[in-house]
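Some notes on the structure that comes next.
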Amino acid sequence: MNFDIGFIFQVVSQIVRYVPVTIYMAFVSLIIGGALGLAVALVRYYKVPILSQLFSTLITMLKGVPLILVFLVVFLIASQNFNHLAKAMGWQIRYGDLPMSALAIIGLSLMAMVGLSEAFRGAFESVKQVQFDAARSLGMTKMQTIRRVLIPQTLPVALPMIINMLINLIKGTAIASLVSVVEIFSAATQAASSNYKYFEAYIAAAMIYWLMTIVIERGAVLLESRMDKSLRRS
Amino acid sequence: MIEVKDVHKSFNDNEVIKGVSLSLNEGEVVTILGPSGSGKTTFLRCLNFLEIADSGSITINDQKVTFGEASVDEVLQLRRKMGMVFQNYALFLNKTAKQNIMEPMILVHGYSQQQAEERAETLLQAIGLPEHGNYYPSQLSGGQKQRIGIARALAVHPTVLLFDEPTAALDPELVGEVLKVMKAVKAAGVAMIVVTHEMQFAYEVSDRVIFMADGVIVEEGSPQQIFEHPKESRTQAFLDRFTVH
């Protein structure tokens, strides 16, 4: 087997243009999943009746299956039911018009929601009871307390786990190739399909993933050190 | 002006407050003394609804609220007439000293940013920390944090300030600076209910001293009465431990 270093760089130059697709899918999923995860964590933290039991069951179910299964279920449900739904709602859009990346984002958002809801729940526990006493004694409402005290004190604690999730999402986008989204991984596979130099193509893909995660990790370190200053525990 | 009637509070089957009543005139300072476990901190927390008392009522100015029946709005209204100072300061860790003081003014009492900032600066000056507005709690000493805590509670002109062992977590050399601020608060005419072990402060500053044990008020009177001529044997026994011969 000949190892073709030149081909690695050829593939890199071909697939690097799909970096924005990957970053886009990962970021949008992080934001949607983060918002949902925060809502789930708040409901469970404040033990909202019915909803908290419901969410806890949902999280356990989603946590218990591989990501690929979530993807395929989302894909199946959407492909079989979207047209009925669209008709019933009177929308013009049909399944065939949907960007496949939207389905990937749904799958990845669910994964992010599960991971981040647990991350937030853990971080909530780090906020001391006396902070809530203070907020209540000053006459702040529950929403004000969540907005001004709980969330600002939670974010720096949860930040490493949020960054970790972003990296997982970036890697998770490779599964989106299953639902025919062209992204880094599938582009690399395609590039090798004519000459069968898969090994080189995979290395090229790995190099791109490494580069992205290294940049994110460096950025995270900077962000953490800035947040650390204001939130050093007393 | 402040009337607390017949407060009862149990945790599970253990009744810790067994019918405590208290009334307070405008600008009056009442100190609550008592051994640990006597229920004095719980009583104070009940007044501010940080613990929900089982029965009893509290009236501040014209607002009367019955414990156990109060709506969320009533509780918020009542709390907004009180300020509370905690043993472990309870400053918001994610905010600077000045932001801590401004928070209730802007968020709860509708001050403008500018009004709140001006008042915060006046208060920082008054507590002797004019240069420390931009420090985070983690950068301040215990005494400084507690002074900020008092300023925050005082910022919105409460009818009464509740102090829960404000000097108990402090190094001895930092107690003085906090007591000095508390004396200034009294001089400004704000009523205070103070749970403390600072006998000197209780003696010098209070208008009235209450001795609590086992969830009831054992004895109540002027500082001279309580410290110099306690009637009850439990009061005597408690005070004897603090007397320096």
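Letters A, B, ... mirror the listed sequences (proteins, then strands); counts begin at 1.
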Residue Lys5(B) excluded, over 12 heavy atoms near NZ under 6.0 Å | no

Neighbour count above 12 (heavy atom, 6.0 Å) for Tyr209(A) OH = yes

By a 4.5 Å heavy-atom criterion (distance strictly below it), what part of [X] contacts chain A: side chain, backbone, both, or neither?
| X | value |
| --- | --- |
| Glu103(B) | side chain |
| Phe49(B) | backbone |
| Phe86(B) | side chain |
| Leu91(B) | backbone |

Can you give each donor-acceptor pair under 3.5 Å made by side-chain atoms of residues 32-59 of chain A, sequence neighbours left out, with the distance rounded to 0.1 Å?
unit_1   : atom_1 : unit_2   : atom_2 : d
Ser52(A) : OG     : Val48(A) : O      : 3.0
Gln53(A) : OE1    : Ile50(A) : N      : 3.1
Thr57(A) : OG1    : Gln53(A) : O      : 2.8

Among Asn48(B), Leu76(B), Leu50(B), which has the most heavy-atom pairs under 4.5 Å with chain A?
-> Leu50(B)

Note: vs chain A, highest number of non-hydrogen pairs under 4.5 angstrom among Arg80(B), Lys81(B), Met84(B), Gln77(B) is Arg80(B)

Filtered by a 4.5 Å non-hydrogen cutoff, the part of residues 116-131 of chain B contacting chain A is none

Extract all donor-acceptor atom pairs below 3.5 Å that involve side chains of residues 162-176 of chain B and protein atoms in other chains or at least two apart in sequence.
unit_1    : atom_1 : unit_2   : atom_2 : d
Asp164(B) : OD1    : Thr41(B) : OG1    : 2.9

To check you understand the geometry: which heavy-atom pair defines the closest contact between [X] and [Y], and what is its length?
| X | Y | result |
| --- | --- | --- |
| Gly139(A) | Arg79(B) | CA-CB, 4.2 Å |
| Ala90(B) | Val130(A) | CB-CG2, 3.3 Å |
| Phe92(B) | Gln131(A) | CA-OE1, 3.4 Å |

If we only count heavy atoms from C-beta on, is the Asp133(A) to Arg45(B) side-chain gap below 4.5 Å?
->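 Side chain of Asp133(A) against side chain of Arg45(B), heavy atoms only: contact under 4.5 Å found.
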
Donor-acceptor contacts under 3.5 Å from residues 155-174 of chain A side chains, at least two apart:
unit_1    : atom_1 : unit_2    : atom_2 : d
Thr173(A) : OG1    : Ile170(A) : O      : 2.5

Quick one: does Asn94(B)'s side chain have a donor or acceptor within less than 3.5 Å of a partner on Arg148(A)'s backbone?
->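 Yes, the answer is positive, given that a donor and an acceptor are paired below the 3.5 Å cut-off.
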
Output the distance between atom CG (Leu93(B)) and atom NZ (Lys128(A)), rounded to the nearest 0.5 Å.
->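 Nearest 0.5 Å value for the CG-NZ distance: 7.0 Å.
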
